[in-house]
Amino acid sequence: MELDVLVVGAGFAGSVVAERLASAGQRVHVIDRRSHIAGNAFDENDAQGTQIHRYGPHIFHTNSDEVFAYLSRFTDWRPYEHRVLASVDGKLLPIPINLDTVNRLYGLHLDEEGLKAYFETVREPRETIRTSEDVIVNTVGWDLYRKFYQGYTRKQWGLDPSELFASVASRVPVRTNRDDRYFTDTHQAMPKDGYTPMFSRILDHPNISIELGRDFREIRAKTRARHIVYTGPIDEYFDHCFGKLPYRSLRFEHEQLPGVEQYQPVGTVNYPNEHAYTRITEFRHLTGQTGPHTSIVREYPQAQGDPYYPIPRPENDLLFKRYQALAQQEKDVTFVGRLAQYRYYNMDQVVGAALSIAKKILGQPET
Ligand code: FAD
Ligand code: UDP
């Protein structure tokens with residue numbers, strides 16, 4: 001087949017770029033080394049018919065009307081606001097930390113102004129906010145930092161918060177009101193039939209062909225595409241020539257609980273200080289599925305395995321920049337996505353990046 005573009009990876013980055021280019025008349029071939037589309041957002045039914053996310057819980061949220069409108073062409077939505085509790089000192093308390101978290105943890109009866117005043121007495125002001133320790137200690141002081149952030153972060157990343165950029169812990173804000181939603185974005189919803197059917201519709205285009213179980217490394221030498229869109233790990237593309245760029249991995253322990261209608265009160269419970277896993281998610285909260293059985297997943301962080309998270313810290317940033325400089329010299333190749341751009345992107349940010357990169361490839365102006 002005459003080929004204009006080869007897209008490596010059928011996750012959000014690859015699928016969205018493929019759809020945009022195909023809709024503009026280009027012939028696009030998408031490969032993925034996994035046996036399925038949808039990348040890490042892949043969902044499926046387990047043996048008892050419960051819809052689960054194979055690679056951990058994926059909750060869609062965005063402030064971008066453009067991203068939401070684009071995806072809405074391929075899916076209907078089920079409104080869903082994610083709530084998370086953290087297991088701390090034998091209690092299940094709201095995280096992000098809010099007014100109820102502090103009152104219930106310490107047996108206080110503060111109001112919002114009282115909590116602001118309380119934080120003033122316990123916070124340790126930091127002149128420059130560089131690390132994840134800085135951002136939390138500067139806001140709520142050492143006790144809340146130790147109980148809710150430090151243990152979770154050490155488990156998740158194998159690093160202390162003082163070794164990670166502030167942007168990591170800043171993902172989970174601190175509130176003085178009673179809002180117990182995990183996200184406050186204007187759009188919070190789950191694809192009605194799931195992520196994988198949404199991806200099938202994104203990729204369902206006469207100009208798109210798909211080949212699964214195919215690794216770029218096998219076909220790289222013989223590809224004749226005019227342009228390549230690469231969404232895999234950037235260091236792998238360059239044969240790790242400057243050394244391996246660290247990505248954090250996870251082991252997912254899925255469990256089906258036949259006859260159990262509800263395992264836990266909210267979608268996710270975090271375990272900052274106990275267990276080897278960071279959190280347990282019960283999927284039916286996310287999907288709205290009902291019935292007699294439920295399914296959960298535990299996430300065990302690990303250094304080896306599939307790359308899931310870029311690790312935002314200074315030395316990794318420097319190493320990434322060396323690869324990025326090579327990428328900029330690579331003719332007719334575009335690098336996009338969480339692994340290729342080494343950015344701690346949420347799904348909507350990847351879609352946003354893919355939409356603007358597709359415009360660039362097509363020579364269209366940014367809107
Ligand atoms: P990926 O989904 O990783 O897709 C890249 C694809 O490229 C993969 O399928 C891979 O197999 C393929 N590939 C790589 N190299 C090659 C090669 N050499 N040859 C062929 N194929 C290759 N985001 C949210 O917005 N909300 C959430 O709740 C959320 N939860 C998450 C939970 C977990 C545990 C994880 C790990 C991530 C979560 N995310 C969440 C982030 C979300 O998964 C990513 O933003 C998004 O899936 C990234 O899309 P991508 O296309 O860049 O990468
Ligand atoms: N975090 C924490 N305690 C929590 C939740 C999060 O310390 O209860 C920190 C931790 O470093 C984590 C980061 O905040 O990696 C981002 O959390 P988020 O829930 O956004 O992680 P993700 O869903 O991307 O794994």
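Both backbone and side-chain heavy atoms feed into the values below; hydrogens, waters and symmetry mates do not. Order of listing sets the numbers, starting from 1, for every ligand and every atom in it.
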Ligand 1 atoms in contact with E299 (distance to a heavy atom under 4.0 Å):
34 (C)
For K91, does the NZ atom have more than 12 heavy-atom neighbours from other residues, nucleotides or ligands under 6.0 Å away?
yes
Give me the ring orientation class for Y55 and F42: parallel if the planes are under 30° apart, tilted from 30 to 60°, perpendicular past 60°.
tilted
Is H53 close enough to touch ligand 1? Criterion: a residue heavy atom under 4.0 Å from a ligand atom.
no
What protein heavy atom lies closest to atom 18 (P) of ligand 2? Include the residue and the distance to one decimal.
Y182 OH, 3.7 Å
Part of S15 within contact of ligand 1 (heavy atoms, under 4.0 Å):
neither
F148 and ligand 2 - part of the residue with a heavy-atom distance under 4.0 Å
backbone
Where ligand 2 meets N270 - atom numbers and elements under 4.0 angstrom, heavy-atom basis:
4 (C), 5 (C), 8 (O)
Mark yes or no: R338 above the aromatic ring of Y309, with NZ or CZ under 6.0 Å from the six-membered ring centre and no more than 45 degrees from the axis.
yes
If the cut-off is 4.0 Å to any non-hydrogen atom of G232, which atoms of ligand 1 fall inside it?
14 (C), 15 (N)
Check for me whether R251 meets the cation-pi criterion with Y300, that is, NZ or CZ under 6.0 Å from the six-membered ring centre and within 45 degrees of the ring axis.
yes
For ligand 2, which atoms, with element, lie under 4.0 Å from some heavy atom of R279?
19 (O), 22 (P), 23 (O), 25 (O)
What part of Y152, side chain, backbone, both or neither, has a heavy atom within less than 4.0 angstrom of ligand 2?
side chain
Out of all atoms in ligand 2, which are within 4.0 Å of some heavy atom of V168? Include the element for each.
11 (O), 13 (C), 14 (O), 16 (C)
What are the two closest heavy atoms between V28 and V7, and how far apart are they?
CG1-CG2, 3.6 Å
Option of least heavy-atom distance to atom 40 (C) of ligand 1 (set: E211, M190, H58)
H58
Nearest option to atom 20 (C) of ligand 1, as decided by whichever heavy atom of R220, R33, E218 sits closest
R33
Per-atom contacts, ligand 2 versus Y344 - under 4.0 Å to a heavy atom:
16 (C), 21 (O), 22 (P), 24 (O), 25 (O)
Which of the numbered atoms in ligand 2 are below 4.0 angstrom from a heavy atom of T153?
7 (O), 9 (C), 10 (C), 11 (O)
Please state whether the rings of F12 and Y195 are parallel, tilted or perpendicular, taking 30° and 60° as the class boundaries.
perpendicular
Check each atom of ligand 2 against the heavy atoms of Q156 and keep those under 4.0 Å away; list them by number with element.
15 (O)
Report, in ascending order of atom number, the atoms of ligand 1 lying under 4.0 Å from any heavy atom of G9.
6 (C), 7 (O), 12 (C)
Side chain, backbone, both or neither: which part of V336 has a heavy atom under 4.0 Å from ligand 1?
neither
Quick check: F12 and ligand 1, any N/O pair under 3.5 Å apart?
yes
Just checking, any donor-acceptor pair under 3.5 angstrom between side chains of E330 and Y237?
yes
Which is closest to atom 19 (N) of ligand 1 by heavy-atom distance: Y308, Y247, F216, F60?
F216
Which label fits H275 and Y277: parallel for a plane angle under 30°, tilted from 30 to 60°, or perpendicular past 60°?
parallel
Quickly, which of Y230, F242, Y342 forms a ring pair (Phe, Tyr, Trp, His ring centres under 6.0 Å) with Y323? Name it, please.
F242
Does the side chain of H29 pick up a donor-acceptor pair with the side chain of E211 at under 3.5 Å?
yes
Indicate whether the side chain of S15 and that of E19 have a donor and an acceptor atom separated by less than 3.5 Å.
no
Give yes if a backbone or side-chain nitrogen or oxygen of Q150 is under 3.5 Å from a nitrogen or oxygen of ligand 2, and no if not.
no
Taking only heavy atoms of Y309 into account, list the atoms of ligand 2 that are under 4.0 Å away from them.
22 (P), 24 (O), 25 (O)
Considering N346, T231, T281 one by one, which has a heavy atom nearer to atom 5 (C) of ligand 1 than any of the others?
T231
Could you tell me whether atom 53 (O) of ligand 1 has a protein heavy atom closer than 4.0 Å?
no
Close approach of Q349 to ligand 1, heavy atoms, under 4.0 angstrom:
no
Taking the six-membered ring for Trp, are H254 and F252 parallel (under 30°), tilted (30 to 60°) or perpendicular (over 60°)?
tilted
Closest heavy-atom approach to atom 10 (C) of ligand 1 among V30, I31, I59, D32 is made by D32
Show the atoms of ligand 1 that are less than 4.0 angstrom away from any heavy atom in E236.
18 (N)
Polar proximity ligand 1 side, R338 side, N/O cut 3.5 Å exclusive:
yes
Could you establish whether H82 and ligand 1 come within less than 4.0 Å of each other, counting only heavy atoms on the residue side?
no
Measure from NZ or CZ of R78 to the centre of the six-membered ring of F60, then state whether that distance is under 6.0 Å and the direction lies within 45° of the axis.
no
Where does V350 meet ligand 1, judged by heavy-atom distances below 4.0 Å: at the side chain, the backbone, both, or neither?
side chain
Check each of A41, P57, A353 against atom 32 (C) of ligand 1 and report the one with the nearest heavy atom.
P57
With a cutoff of 4.0 Å, is F42 in contact with ligand 1, counting heavy atoms of the residue only?
no
Going by heavy atoms in the side chains, are L339 and T231 under 4.5 Å from each other?
no
For R34, atoms of ligand 1 separated by under 4.0 Å from a heavy atom:
8 (C), 9 (O), 11 (O)
Between H58 and M190, what is the shortest heavy-atom contact and its length?
O-CE, 3.1 Å
